[in-house]
Amino acid sequence: MDAMSSSLLSNAYLHPKCIRSFPSPPNKYIPDPFFHISSSQITHEIKPKQEPKSTSTTLTRAPTPSIKHSLHEQTVNGSATATTYSPPEPVSLQQLKRKSPTSTPQTSTRYFLFNALDEIVNNFIDPPLRPSVDPKHVLANNFAPVEELPPTDCPIIEGTLPPCLDGAYIRNGPNPQYLPKGPYHLFDGDGMLHSLRISNGSATLCSRYVKTYKYNVELDAGSPVFPNVFSGFNGLPAMAARGALSAARVLTGQYNPTNGIGLANTSLAFFGDKLFALGESDLPYQIRVTPDGDIETIGRYDFEGKFSSPMNSMTAHPKMDAQTGETFAFRYSPMSPFLTFFRFDASGSKQPDVPIYSLTTPAFLHDFAITKKYAIFADIQIGMTTNPMELLSGSGSVVGADTKKVPRIGVIPRYANDESEMRWFDVPGFNIIHAINAWDEEDSIVLIAPNILSVEHTLERMELIHASVEKVRINLKTGMVTRSPIATKNLDFGVINPAFTGRKNKYGYAAVGDPMPKISGVVKLDWSSKGGREAGCRMFGSGCYGGEPFFVPKSNDPANMGEEDDGYLVTYVHDENSRESRFLVMDAKSPTLDIVAAVRLPRRVPYGFHGLFVRDTDLSKL
């Protein structure tokens with residue numbers, strides 16, 4: 001999910017006083033400073049913790065990649081026995097950005113004026129008064145941003161990494177490049193990829209921003225330039241003020257929206273032998289993972305000009321059919337057509353658009369599902385706010401919930417050339433953000449998805465969201481829709497064995513909200529029986545939270561796949577007590593989702609959105 005920023009937070013200082021000792025080997029585990037957000041500053045701090053005594057390695061505060069650190073080797077009898085980092089003097093995060101040799105802040109009169117007007121809007125016209133857009137609240141604890149991290153070795157602290165995990169697990173998520181000066185929603189941060197490169201049982205972590213057009217423009221400017229989509233247009237006064245300021249920035253050439261306004265902060269996809277970072281407000285950004293585990297942004301990708309309009313975009317949840325090699329996708333828009341469906345052939349070549357004009361109002365369509373015959377869309381109660389009085393009052397947002405609307409499910413043949421065969425079915429009370437899977441059954445289609453029971457809280461009070469996984473059956477002959485709950489726990493971010501996308505399957509795995517957006521564990525679901533059941537569970541422990549699980553099958557051979565659940569679940573987990581992050585590998589077949597391996601990460605990985613595992617054989621194609 002995509003796309004500002006309290007001057008009170010703009011001066012954040014690093015604390016270099018905390019010193020910790022770690023056992024050898026050197027340069028393997030570097031604790032990351034932890035952000036604390038108060039009303040005046042964001043500071044780096046390392047929580048004191050007893051560590052095993054060691055004479056081999058002494059590390060002071062974790063080095064920040066954007067600053068040069070001196071590295072000293074101590075020698076005894078001519079042999080190096082220790083490595084010591086000498087940290088620089090404390091600097092603010094804004095100074096860190098400006099130390100980059102590629103970043104020369106723009107200091108002309110017009111840019112100074114723009115920034116001054118931005119301060120007026122953020123402090124007087126539309127200050128961050130609600131918790132959902134208050135940076136002090138949104139960026140607290142492990143939601144706080146981190147700096148980029150070059151490839152860094154990680155110790156395996158439990159078990160061994162299975163050979164089928166040779167490749168890279170990459171997780172996307174929001175990580176604002178600059179500390180917000182005004183309203184900031186969780187969905188508004190710049191995309192950062194956290195990649196764990198695994199090779200022959202060893203692991204290397206790297207964290208890099210997706211170098212979007214927005215990221216590069218703001219890096220050069222030395223401050224935020226683009227308005228935030230989810231928090232920057234809250235109420236008519238804010239819309240007018242930020243809209244006028246944005247127009248002035250465009251007219252003076254500070255940025256060109258036709259080059260893309262997206263954050264690429266939501267998910268990843270691999271198809272057509274290319275790897276993409278995705279955010280639904282823009283086109284995909286092509287990236288690559290280097291052999292040493294680094295992440296490079298190749299650039300915004302328009303599929304050889306097949307996306308002809310400069311304002312085109314694509315969903316962050318394309319669906320890949322493992323049997324045909326095709327990929328299906330869509331985009332939604334605040335202007336007609338509000339929904340456009342399209343697909344890519346097995347080589348990644350985009351096919352013609354299929355505009356859906358029967359969707360008559362702008363809706364929030366984050367995800368969809370496919371079967372072997374159809375594509376399935378959910379027209380839910382979240383959409384673009386059209387009530388001018390709500391905007392005028394200053395309490396309304398551009399995106400909001402309409403609880404009077406009756407949700408619908410739309411079904412269209414997946415190889416349709418136009419929308420003539422599109423059918424809509426009313427499904428009262430059914431609001432989905434994510435779909436888990438769907439398949440064909442005789443004259444029906446079956447959809448598995450978490451239903452948001454408190455849709456009015458989706459953007460404003462995420463901690464109040466409760467999602468119940470349901471099985472929905474639509475009889476295409478009679479038009480009858482039936483629903484049955486599979487699980488009553490608060491579950492979302494559901495995944496399956498990707499080989500079964502669009503095919504009838506038995507198992508799914510979902511994240512446990514405690515509350516959302518924090519994830520306290522993973523549940524294995526079996527929906528093959530009439531009512532469905534919980535077939536396994538792994539809770540991360542007190543104070544430990546993770547993210548979306550991702551299923552990696554043991555075999556990648558279509559002719560020798562084994563059983564559906566024969567594979568592993570992988571995810572990042574953060575311990576808020578010790579402030580350490582780990583990469584977990586769980587046995588997907590086990591009823592308790594047993595931990596097969598755990599990797600201690602060199603610093604914390606912030607909570608984020610969706611991830612992807614890419615095998616070595618596919619990485620070599622990039």
Side-chain angles (χ1 to χ4, degrees), residues 1-2 129-134 137-138 140 143 174 183-188 229-231 234 266 280 317 332 361-369 377-387 390 393 395-409 426-436 447-472 481 483-494 508 510-523 525 532 534 545-548 607-610:
M1 299 186 181
D2 274 47
L129 300 179
R130 305 188 319 279
S132 62
V133 294
D134 184 351
H137 175 80
V138 178
F143 290 99
Y184 174 85
H185 191 278
L186 179 63
F187 300 162
D188 284 329
V229 172
F230 282 92
S231 60
N234 189 55
T266 308
E280 60 206 46
H317 289 289
Y332 67 94
T361 57
F364 181 69
L365 287 146
H366 180 65
D367 198 359
F368 78 130
F377 296 92
D379 179 17
I380 64 174
Q381 291 175 311
I382 301 177
M384 299 290 184
T385 300
T386 57
N387 187 336
E390 204 172 272
S393 68
S395 59
S397 173
V398 176
V399 180
D402 179 5
T403 55
K404 296 179 181 179
K405 176 181 176 180
V406 177
R408 305 183 297 167
I409 291 179
D426 287 350
V427 191
F430 189 65
N431 291 284
I432 70 170
I433 301 296
H434 296 114
I436 302 179
L447 171 67
I448 309 291
N451 178 26
I452 308 298
L453 302 180
S454 44
V455 68
E456 67 274 15
H457 300 308
T458 303
L459 298 177
E460 279 295 308
R461 297 289 303 278
M462 281 187 283
E463 71 276 9
L464 299 180
I465 289 176
H466 188 97
S468 173
V469 177
E470 295 187 17
K471 177 189 286 187
V472 180
V481 179
R483 298 161 56 188
S484 59
I486 295 173
T488 57
K489 282 184 177 178
N490 188 15
L491 303 177
D492 201 349
F493 296 99
V512 181
D514 189 28
M516 291 294 180
K518 283 189 172 183
I519 305 300
S520 61
V522 180
V523 166
L525 300 174
E534 184 177 305
Y545 302 95
E548 173 196 63
Y607 304 129
F609 296 143
H610 304 282

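Computed over heavy atoms, backbone and side chain alike; hydrogens, waters and symmetry mates excluded.
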Pair Glu456 + Arg461: basic N to acidic O under 4.0 Å
no

Student check: side-chain heavy atoms of Asp367 and Ile433 closer than 4.5 Å:
no

Shortest non-hydrogen contact from Ala511 to Ile519?
CB-CG2, 3.4 Å

Which heavy atom of Ala435 sits nearest a heavy atom of Ala449, and at what distance?
CA-CB, 4.0 Å

Side chains of Asp134 and Leu129 in contact at under 4.5 Å (non-hydrogen atoms)
no

Applying side-chain contact (heavy atoms from CB on, under 4.5 Å) to Asn451 and not counting sequence neighbours gives Phe430, Asn431, Leu453, Glu470, Arg483

Side-chain contact test, heavy atoms from C-beta onward, threshold under 4.5 Å: evaluate it for Gln381 versus Ile452 and give yes or no.
no

Hey, does Pro517 have a side-chain heavy atom less than 4.5 Å from the side chain of Phe143?
yes

Aromatic ring pairing Phe609/Phe187, orientation class (parallel under 30°, perpendicular over 60°, tilted between):
perpendicular

Using side chain to side chain donor-acceptor pair (under 3.5 Å) as the criterion, list what pairs up with His457, not counting sequence neighbours.
none

Within the structure provided, determine whether Met516 and Glu463 are in side-chain contact (heavy-atom separation under 4.5 Å).
no

If the condition is side chain to side chain donor-acceptor pair (under 3.5 Å), which residues does Ser132 pass it with, not counting sequence neighbours?
Glu460

Any non-hydrogen side-chain atom of Ile409 less than 4.5 Å from a side-chain atom of Val481?
no

Looking at Ala378 and Ile432, what are the two nearest heavy atoms and their distance?
CB-CG1, 3.6 Å

Selection residues 511-522 - residue pairs positive for side-chain hydrogen bond (donor to acceptor under 3.5 Å, both in side chains), sequence neighbours left out
Lys518-Glu576

Chi angles and distances behind the ring pair (Phe, Tyr, Trp, His ring centres under 6.0 Å) call for Phe493, His610:
CA-CA 8 Å; Phe493 296 99; His610 304 282; 5.3 Å; yes

Check side chain to side chain donor-acceptor pair (under 3.5 Å) between Lys405 and all other residues, then give those that pass, not counting sequence neighbours.
Asp379

Return the minimal non-hydrogen interatomic distance between Leu525 and Glu534, and the atom names on each side.
CD2-CA, 4.4 Å

What pair of heavy atoms forms the shortest contact from Ala487 to Ser468, and how long is it?
O-OG, 2.9 Å

Please test Glu280 against Phe364 for side-chain contact (heavy atoms from CB on, under 4.5 Å), starting from the C-alpha separation and ending with a verdict.
CA-CA 11 Å; Glu280 60 206 46; Phe364 181 69; 3.6 Å; yes

Residue pair Ile448, Ile486: steps toward the side-chain contact (heavy atoms from CB on, under 4.5 Å) verdict:
CA-CA 9 Å; Ile448 309 291; Ile486 295 173; 3.8 Å; yes

Test item: His466 side-chain N/O and Leu491 main-chain N/O as donor-acceptor pair under 3.5 Å
no

Indicate yes or no: at least one non-hydrogen side-chain atom of Val138 is less than 4.5 angstrom from one of His185.
no

Does some side-chain heavy atom of Ile465 sit less than 4.5 Å from a side-chain heavy atom of Asp492?
no

Which residues pass the salt bridge (charged side-chain N to carboxylate O under 4.0 Å, His left out) test with Asp402, sequence neighbours left out?
none

Residues passing the side chain to side chain donor-acceptor pair (under 3.5 Å) test with Tyr545, sequence neighbours excluded, are none

